[in-house]
Protein chains: 2
Amino acid sequence: MLSQAAEDYLKSIYKLQEKGGKVSTGVLAEFLNVKPASVTGMIKKLKSMKLIKYERYHGVTLTNAGKAIALEVIRHHRLLELYLFKALGMPWDGVHDEAEKLEHVISEDMEERMDAYLGYPTSDPHGSPIPDKNGVVPKTASIPMTSLQDGQSCVVAEVNDSDSALLRHLGSFNLYPGTRFRVIEVAPFEGPFTIDVAGQQAVIGREVAKHIFVDDIHDT
Amino acid sequence: MLSQAAEDYLKSIYKLQEKGGKVSTGVLAEFLNVKPASVTGMIKKLKSMKLIKYERYHGVTLTNAGKAIALEVIRHHRLLELYLFKALGMPWDGVHDEAEKLEHVISEDMEERMDAYLGYPTSDPHGSPIPDKNGVVPKTASIPMTSLQDGQSCVVAEVNDSDSALLRHLGSFNLYPGTRFRVIEVAPFEGPFTIDVAGQQAVIGREVAKHIFVDDIHDT
DNA sequence: TGTAAAATTTAGTTATGCCTAAATATTTTT
DNA sequence: AAAAATATTTAGGCATAACTAAATTTTACA
C-alpha cells in the first residue's frame with residue numbers, strides 16, 4: 001500500500017502538470033510545503049516504483065500507473081467534498097480540509113456508495129471536475145475571470161477550493177459555481193472588478209479574480 | 001497532536017480495562033498485534049504525556065486525560081459505524097474496518113454533524129454504547145448469552161463488532177441487536193445453543209455465543 | 001527457598017519522511 | 001566562455017513506531 005505522503009506527491013504532480021509548466025523539484029517542494037531535499041528523496045522512491053519518470057533538471061512526469069493513483073486520490077477528494085457538503089451540510093469553505101484527510105483513508109466501497117448517493121456527480125462544490133471510476137476527467141472549458149471585459153455577463157464555473165478565507169469571501173457575495181454575474185466595470189491598470197450579482201453590486205480584487213473561472217459569456 | 005498509534009493504544013487500554021483484568025504489557029501487545037518490546041516504548045511515551053499510569057509488572061491505568069482521549073476515539077468509531085450503516089447503507093459487517101481508519105481523522109465538526117444527523121444515538125449497529133460528547137457512556141447491563149438456560153427468551157443487546165465473519169454468520173440468522181430469541185436447548189458439556197428466532201431454528205456454537213450479550217430475559 | 005518459567009525491558013536495527021548544511025550540477029548572465 | 005545565480009543532490013540527523021535478540025526482573029512452583 002502506498003503511503004499518504006506518496007499519494008500527496010502524485011496528486012500534486014498531477015495538478016502542477018495540469019497547470020502546464022515543468023514540474024521541477026523546487027516547484028513540487030514549494031507546492032507541498034517541504035524542502036527540495038525532501039522532494040529528491042520521494043522522487044527516487046516514486047521513480048523506483050515506476051509511478052513517475054524523472055530526469056535531473058528536467059522535471060517529473062506521471063506514468064500511467066502514477067496518473068491513475070493521482071486521479072483516484074483526486075476523485076476521492078472531490079467526491080468527499082461534495083458528499084460532506086450535501087449529505088452533512090458542511091460549509092463549502094470547510095469541506096476541503098476535511099476531504100484532505102479523508103481522501104487517503106476511504107475504501108472503494110465507501111467511494112462507490114457516496115458516488116451513488118450523489119447520483120454520479122461530475123463536479124464538486126467548487127466546480128472542480130470529479131474524475132470517474134476509470135480516471136476520465138469531465139471536460140471543463142472555462143476562462144479566468146481576469147480576462148472579462150466591461151459589460152460581459154457569465155456564470156461562475158470553478159473556484160480555487162483550498163483557500164477557505166477566499167471561499168467565505170465569495171460566499172458573502174453569493175458567488176458560487178452556477179451563479180451568473182455581469183461585469184459592470186473593470187478598473188484600469190489591473191484594478192478590481194465591479195460586478196452585479198443578482199442585483200447586488202460587489203467589488204472583486206484582481207488577486208481574487210485570478211482564482212475564479214467562468215463560462216457561458218455573453219456581451220450585454 | 002496525538003499520533004494514530006497512540007490513540008489506538010489508549011483505546012485498547014480502555015477496552016481491556018473495561019473487561020476487568022490487569023492491562024499488562026503482554027496483554028496490550030497481544031491485543032494490538034505488536035510485540036511486547038514495542039509496547040514498552042509506547043508506554044513510556046504515554047506515561048511521559050501523563051495519559052497513563054504505569055508501574056512495572058503492575059499494568060497500565062488511564063489517567064483522566066487518557067480516558068478522555070480513549071472515549072473520544074471510541075465515540076468517533078461508533079458514531080462512524082452507525083453513520084456508515086444508516087446513511088450509506090454499508091453492511092454491519094463492513095462498518096468496523098472503515099470506522100477503524102476514519103476514527104482518527106474526522107474533525108469535531110464532522111463528529112457533531114453525524115451525531116445530529118443520527119439524532120444523538122446511544123448505540124452503534126452492534127449494540128455498543130456511544131459515549132456522549134462529555135465522555136459519558138450509556139449504561140448497558142447485559143449478560144453473556146452463554147449464561148442462558150433452556151426455555152429462556154431474551155433480546156440481543158450487543159455483539160462483538162470486529163469479526164466480520166461472525167457478523168455475517170449472525171446476520172444469516174437475523175440475529176441483530178434488538179432481535180428477540182428463545183433458547184430451545186442448551187446442549188450439555190459446553191455444547192451449542194439451539195434457539196428460535198422468529199420461528200426459525202438456529203444452532204449457535206459456544207464460541208460464537210461468547211460474543212453475544214443479551215437483555216430482557218424471560219423464562220417461558 | 002531456590003530454580004524454572006514467564007513477563008518485561010534494553011540495546012541495537014529498520015523503514016518512512018522530514019530537516020539542515022554543504023557539495024555539485026546546470027542554467028543564465030555578462 | 002567564464003562567473004554568478006539557481007537548482008538539485010548528497011550527507012548526516014531527527015522523530016516515530018515497529019522489529020529481533022539478549023538481558024533482566026518478577027512470579028510461580030517444587
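Lettering follows sequence order; numbering is per chain, from 1. Quick caveat, the model's predicted, so the values are computed rather than measured.
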Tabulate below the donor-acceptor pairs under 3.5 Å that side-chain atoms of residues 68-77 of chain B make, not counting sequence neighbours, or state none.
| from | atom 1 | to | atom 2 | distance (Å) |
| --- | --- | --- | --- | --- |
| B:Glu72 | OE2 | B:His76 | NE2 | 3.2 |
| B:Arg75 | NE | B:Glu111 | OE2 | 2.6 |
| B:Arg75 | NH1 | B:Pro131 | O | 3.0 |
| B:Arg75 | NH2 | B:Glu111 | OE2 | 3.0 |
| B:Arg75 | NH2 | B:Asp115 | OD2 | 3.0 |
| B:His76 | ND1 | B:Glu103 | O | 2.9 |
| B:His76 | NE2 | B:Glu111 | OE1 | 2.7 |
| B:His77 | ND1 | B:Glu100 | OE1 | 3.4 |
| B:His77 | ND1 | B:Glu103 | OE1 | 2.8 |
| B:His77 | NE2 | B:Glu81 | OE2 | 2.8 |
| B:His77 | NE2 | B:His96 | ND1 | 3.1 |
| B:His77 | NE2 | B:Asp161 | OD2 | 3.2 |

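A:Val105 places a side-chain heavy atom less than 4.5 Å from the side chain of A:Gln4. Put simply, the side chain of B:Leu80 reaches to within 4.5 Å of the side chain of B:Met114, judged on heavy atoms. Residues A:Tyr54 and A:Thr25 are in side-chain contact: their nearest non-hydrogen atoms beyond the backbone lie under 4.5 Å apart. Contact check for B:Pro125 versus B:Met90: no side-chain heavy atoms found under the 4.5 Å cut-off.
For the segment residues 2-11 of chain A, no residue has any heavy atom less than 4.0 angstrom from an atom of DNA chain D. Within residues 40-63 of chain B, the residues that place at least one heavy atom under 4.0 Å from DNA chain D are, in residue-number order, B:Met42, B:Lys45, B:Arg56, B:Tyr57. Contacts between residues 96-105 of chain A and DNA chain D, defined by a heavy-atom separation below 4.0 Å, involve no residue at all. Residues from residues 15-27 of chain A that place a heavy atom under 4.0 Å from any atom of DNA chain C: there are none.
The CZ atom of B:Arg113 sits 8.5 Å away from the OG atom of B:Ser107 when rounded to the nearest 0.5 Å.
Checked for salt-bridge contact, B:Glu207 and B:Lys210 meet the test: a charged N lies under 4.0 Å from a carboxylate O.
Ring orientation note: the planes of A:Trp92 and A:Tyr176 are nearly perpendicular, at an angle over 60° on the 30°/60° scale.
Annotation for B:Lys133: atom NZ counts as buried by contact number, over 12 foreign heavy atoms lying within 6.0 Å. Counted within 6.0 Å of NZ on A:Lys86, heavy atoms from surrounding residues, nucleotides or ligands total 12 or fewer; the atom is thus considered open. More than 12 heavy atoms of other residues, nucleotides or ligands shown are found within 6.0 angstrom of CD on A:Glu112.
First and last contacting nucleotides of DNA chain D toward chain A (any atom under 4.0 angstrom from a heavy atom, 5' to 3' order): D:dA7 to D:dT10.
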Task: Steps toward side-chain contact (heavy atoms from CB on, under 4.5 Å) verdict (B:Val159, B:Leu166) - done: CA-CA 9 Å; B:Val159 301; B:Leu166 173 76; 5.6 Å; no
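In this structure, a donor-acceptor pair under 3.5 Å is present between the side chains of B:Asp8 and B:His104.
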